[in-house]
Amino acid sequence: MPKPGLACKSTRVDLDRFSSKSSSDSVPDGTDLLYSDCENGGGLANYHAENLGTGPLRQPSAENCEQEAGKSAVEVIEAADARPGKTAFCVVTNEGRIAWMYLTSKGPLDNYENADLKFRAIVWELKP
């Protein structure tokens, strides 16, 4: 929940453009993931990705990660539940790329904002 009187803050992640941006502005359509202190009660949410799911802790192949994203799909991962070294995700982006994201560190979680999360990410573009 945001601090009373302050706008929601979020970080937009576009894995197809390899970019992230923090802001309280509206979220563009190309955003795959949204890390927010307002949306869905706070946490990392699937915004426009095709799939977001839990992933293995060791780097998988692109094909295995794509399968994991589909079979273990989730809409939101709460910041309080994310554990460095024990949390990983597989994502199928809105443009069809596959990403594996392994949580490497997490800052403190306070009453008004989500913790800073840092990931190691691998993004594959599968050729037909």
Q. Residues two or more places apart in sequence or in another chain: which of them pass salt bridge (Lys or Arg N to Asp or Glu O under 4.0 Å) with D14?
A. none
Q. Side-chain contact, heavy-atom cut-off 4.5 Å: L103 with F119?
A. yes
Q. Can you tell me how far CZ of R17 sits from OG1 of T31, rounded to the nearest 0.5 angstrom?
A. 10.5 Å
**Q.** Any R83 side-chain heavy atom under 4.5 Å of K106 side chain
**A.** yes
Q) side-chain contact (heavy atoms from CB on, under 4.5 Å) between E66 and E50: does it pass, once the steps are laid out? A) CA-CA 10 Å; E66 181 178 28; E50 192 173 308; 5.8 Å; no
Q. C90 and P56: which non-hydrogen atoms are nearest, and at how many Å?
A. SG-CD, 4.0 Å
(Q) Checking L126 against E63 for the side-chain contact (heavy atoms from CB on, under 4.5 Å) test, could you report, in this order, the C-alpha distance in whole Å, the side-chain angles of both residues, the deciding distance, and whether it holds? (A) CA-CA 9 Å; L126 302 180; E63 292 80 7; 4.2 Å; yes
Q) In Å and rounded to the nearest 0.5 Å, what is the CD to OH distance from Q59 to Y102? A) 12.0 Å
**Q.** Pairwise side-chain contact, R97 with D32, heavy-atom cut-off 4.5 Å (strictly under)
**A.** no
Q) Which distance, rounded to the nearest 0.5 Å, do you find between the CG of L33 and the CG of N46? A) 6.5 Å
Q) Can you tell me how far OH of Y35 sits from OG1 of T11, rounded to the nearest 0.5 angstrom? A) 8.0 Å
Q. After noting the C-alpha distance and the side-chain angles of L52 and I77, does the key distance pass the side-chain contact (heavy atoms from CB on, under 4.5 Å) rule?
A. CA-CA 10 Å; L52 165 66; I77 289 89; 3.6 Å; yes
(Q) If I compare all heavy atoms of A62 with all of I98, which pair ends up nearest, and what's the gap? (A) O-CG2, 3.5 Å
Q.
Suppose we screen for side chain to side chain donor-acceptor pair (under 3.5 Å). Which residues come up paired with R120, at least two apart in sequence or across chains?
A. none
**Q.** Residues in side chain to side chain donor-acceptor pair (under 3.5 Å) contact with K118, at least two apart in sequence or another chain
**A.** none
Q: Would you give the length of the straight line joining atom CD1 of I122 to atom CG of L15, rounded to the nearest 0.5 angstrom?
A: 12.0 Å
Q. Under 3.5 Å, is there a donor-acceptor pair between the side chain of W124 and the main chain of S61?
A. no
(Q) For the CG atom of D81 and the NZ atom of K86, what is their distance to the nearest 0.5 Å? (A) 14.5 Å
Q: Report yes or no: does N51 contribute a side-chain atom to a donor-acceptor pair with the main-chain N or O of V92 at less than 3.5 Å?
A: no
Q. If every non-hydrogen atom of V76 is compared with every non-hydrogen atom of A45, which pair is closest and at what distance?
A. CG2-CB, 4.0 Å
Q: Begin from the C-alpha positions of L44 and F89 and carry the test side-chain contact (heavy atoms from CB on, under 4.5 Å) through to its verdict.
A: CA-CA 11 Å; L44 181 67; F89 310 104; 3.9 Å; yes
